[in-house]
Amino acid sequence: MKLMFEKSVAGRGTHYLPALDVQEPEDLDPKFARQSDLDLPELSEVDVDRHYSELDRATFGVNNGIYMLGSCTMKYNPPVHELIVNRPEWAGLHPLQPEDSAQGALEAIGTLEHYLAEISGMNVVTFQPVAGAHGELVGLLTIRAYLESKGEGDRKVIFVPDAAHGTNPASASMAGFEIKAIPVFEDGSIDLDKLKEVAGPDTAGLMLTNPNTEGHFETGIREVCDIIHEAGGCCYYDGANLNAVMGVVRPGDMGFDLIHFNLHKTFSTPHGGGGPGACAVGAKEFLEEFLPGERAVKNGDTWEWETPAHSIGRVSTFHGNFLVMLRALSYVLTLGADGIRYTAQNAVLNANYMMFALKDLFPMASPDRCMHEFVASASKLKKETGVTAMDISKALLDYGVHPPTMYFPLTIPEALMVEPTETEPKETLDYAIKAFREIVELAHTDPEKVIGAPYTTPIARPDDVEAARHPILKYVPEEA
């Protein structure tokens, strides 16, 4: 489709902007004045309306259909929370205004901290990070500060499972640690014998997602944490998959010392396309003094900002993404303790329903049962028909079904990682199952048809390599 600049017609426009309601400066230095007209597209109202409608038709979101992007929890988020955060009393706040004029906002942040600490089994929570990987970095810097305070700054090794999210080793490296990968079994669970063998005086900690990337719950999780603690390290919980266990089991009770929450995955903020992101990092009491930035605390009847005694410092501007925090608080208050637990249970139920409906077609990483997501392998289908995981994903688009995560984790050949989430009804799950089954059947009867998909989208199969190596990042107008 054409850009708005390409649709522009000289002299066309609308006249709905309000009159200037501030006084124009009389003594503006000419060097600060624009020397040429703004290069803006000239379009009528109907042109603009149709342009954005066209963009909407070319975009897929959870409002269009099931968005089963494994490990990303792309679930439906209630619009009522948007109404709450868009109220001027919240949206009009400024981070520099006096604390006594924003008592409600500080109380909201402090209340959310209380609930997230309870859900996770932690003692304190910071809202400074603005993304999941940013939260990982904060947690690792906190571990580093803690170890250095004990005179153990020479502990440099962070253990990461082979099947971990790629951000884990990247964050550990940025925090100045050395990464050592730990082998995992077919279901993604850690090799405890290997972990015991390598844990020692250089151990700083371990990063782990539970349930893991294959959708399997680490049944030996307490032993994993005990091994690291006995070696003198800290245990970090990647909260990317918290949607499977919140309200059912707490990471703090498993033995973890820190956790990050993806507020934009689990707690009712739409994400994708770069934002809006927000993350909370919870920690046990012995790490509290090292956390970043300020925390909202109540002294008597007044809420105030308080900086931890040996804080690692601010990691973002001001106090984090407040409106995302507010959505998370609205979500927790809407559901309550029973609703939070039901959400996780239904996410697990939906994933198992789909997995058992498809396990005769695809080998599964955890064939007995899964948690919130499952990993299917299309390797057998590829061998028999030539149809790959990528081909299946492309063909799903013609059904109005967003593809699952492909080729991750790397430990599973031709991986398809499916997370249906708790917000999808049985009818939608049945439709997605039907789409998978029809595509596999077509792969055996007419594989070229599947390999050529999709046929109904604005773009069929773009050149991914060309797009990655030579991206077009800005519009350059043609010379007149």
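Both backbone and side-chain heavy atoms feed into the values below; hydrogens, waters and symmetry mates do not.
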Ignoring hydrogens and geometry, is there a side-chain-to-backbone donor-acceptor pair from [X] to [Y] under 3.5 Å?
X      : Y      : result
Glu186 : Ser366 : no
Thr445 : Glu441 : yes
Arg461 : Ile451 : yes
Tyr431 : Tyr399 : yes
Glu373 : Gly70  : no
Thr334 : Ser330 : yes
Asn352 : Leu349 : no
Asn262 : Lys265 : no
Thr213 : Ala163 : yes

Quick test of your reading of the model: are [X] and [Y] salt-bridged, counting only N-O distances below 4.0 Å?
X      : Y      : value
Glu54  : Lys7   : yes
Lys359 : Asp368 : no
Asp430 : Lys434 : no
Asp391 : Lys394 : no

Hey, are the side chains of [X] and [Y] touching, using non-hydrogen atoms and a 4.5 Å cut-off?
X      : Y      : value
Phe374 : Leu358 : yes
Leu69  : Pro404 : no
Glu113 : Ile109 : no
Pro95  : His319 : yes
His165 : Met207 : no
Val85  : Phe322 : no
Phe256 : Met122 : yes
Tyr52  : Val48  : yes

Could you state the interatomic distance from [atom1] ([X]) to [atom2] ([Y]), rounded to the nearest 0.5 Å?
X      : Y      : atom1 : atom2 : value
Leu242 : Ile119 : CG    : CD1   : 7.5 Å
Leu43  : Arg12  : CG    : CZ    : 7.5 Å
Thr126 : Arg314 : OG1   : CZ    : 11.0 Å
Leu206 : Leu195 : CG    : CG    : 6.5 Å
Glu218 : Met254 : CD    : CE    : 10.0 Å
His216 : Thr209 : NE2   : OG1   : 13.5 Å

Between [Y] and [X], do the side chains contain a donor N or O and an acceptor N or O under 3.5 Å apart?
X      : Y      : answer
Glu6   : Tyr475 : no
Asn243 : Lys75  : yes
Ser53  : Asp56  : no
Tyr236 : Glu136 : no
Asp49  : His51  : no
Thr411 : Glu214 : yes
Thr73  : Glu419 : yes
His81  : Ser268 : yes

How far apart are the closest heavy atoms of [X] and [Y], and which atoms are they?
X      : Y      : value
Glu424 : Thr428 : OE1-CG2, 3.3 Å
His134 : Ser316 : CE1-CB, 4.4 Å
Ile392 : Ile439 : O-CD1, 4.0 Å
Ile412 : Ala365 : CD1-CB, 4.1 Å
Ser189 : Asn212 : N-ND2, 3.4 Å
Ser379 : Glu414 : N-CB, 3.5 Å

From CA spacing to verdict: side chain to side chain contact (heavy atoms under 4.5 Å, CB included), Tyr331, Leu263: CA-CA 10 Å; Tyr331 183 73; Leu263 298 183; over 6 Å; no
Counting only heavy atoms not in [X] (residues, nucleotides, ligands), do more than 12 fall under 6.0 Å from its [atom1]?
X      : atom1 : answer
Tyr353 : OH    : yes
Met174 : CE    : no
Ile459 : CD1   : no
Leu40  : CG    : yes
Glu438 : CD    : yes
Phe5   : CZ    : yes
Arg50  : CZ    : no

Does Lys449 make a cation-pi contact with Tyr455 (under 6.0 Å, within 45 degrees of the axis)?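 Geometry flag: set, cation within 6.0 Å and 45°.
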Stepwise salt bridge (charged side-chain N to carboxylate O under 4.0 Å, His left out) test for Asp226 and Lys196: CA-CA 10 Å; Asp226 287 345; Lys196 290 177 185 176; over 6 Å; no
Could you list the residues that satisfy salt bridge (charged side-chain N to carboxylate O under 4.0 Å, His left out) with Lys380, not counting sequence neighbours?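 Once residues adjacent in sequence are excluded, the partners of Lys380 under the salt bridge (charged side-chain N to carboxylate O under 4.0 Å, His left out) criterion are Glu384.
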Where at least one partner belongs to residues 247-262, residue pairs that pass salt bridge (charged side-chain N to carboxylate O under 4.0 Å, His left out), sequence neighbours excluded: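 Sorted pair list: Glu118-Arg250, Arg250-Asp253.
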side-chain hydrogen bond (donor to acceptor under 3.5 Å, both in side chains) with Lys156: which residues, sequence neighbours excluded?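 Lys156: no side-chain hydrogen bond (donor to acceptor under 3.5 Å, both in side chains) contacts found.
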Indicate the ring-plane relationship of His402 and Tyr67, choosing parallel, tilted or perpendicular according to the 30° and 60° boundaries.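 Judged by the thresholds at 30° and 60°, the geometry between His402 and Tyr67 is parallel.
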Stepwise side chain to side chain donor-acceptor pair (under 3.5 Å) test for Asn168 and Asp238: CA-CA 8 Å; Asn168 289 178; Asp238 182 330; 3.0 Å; yes
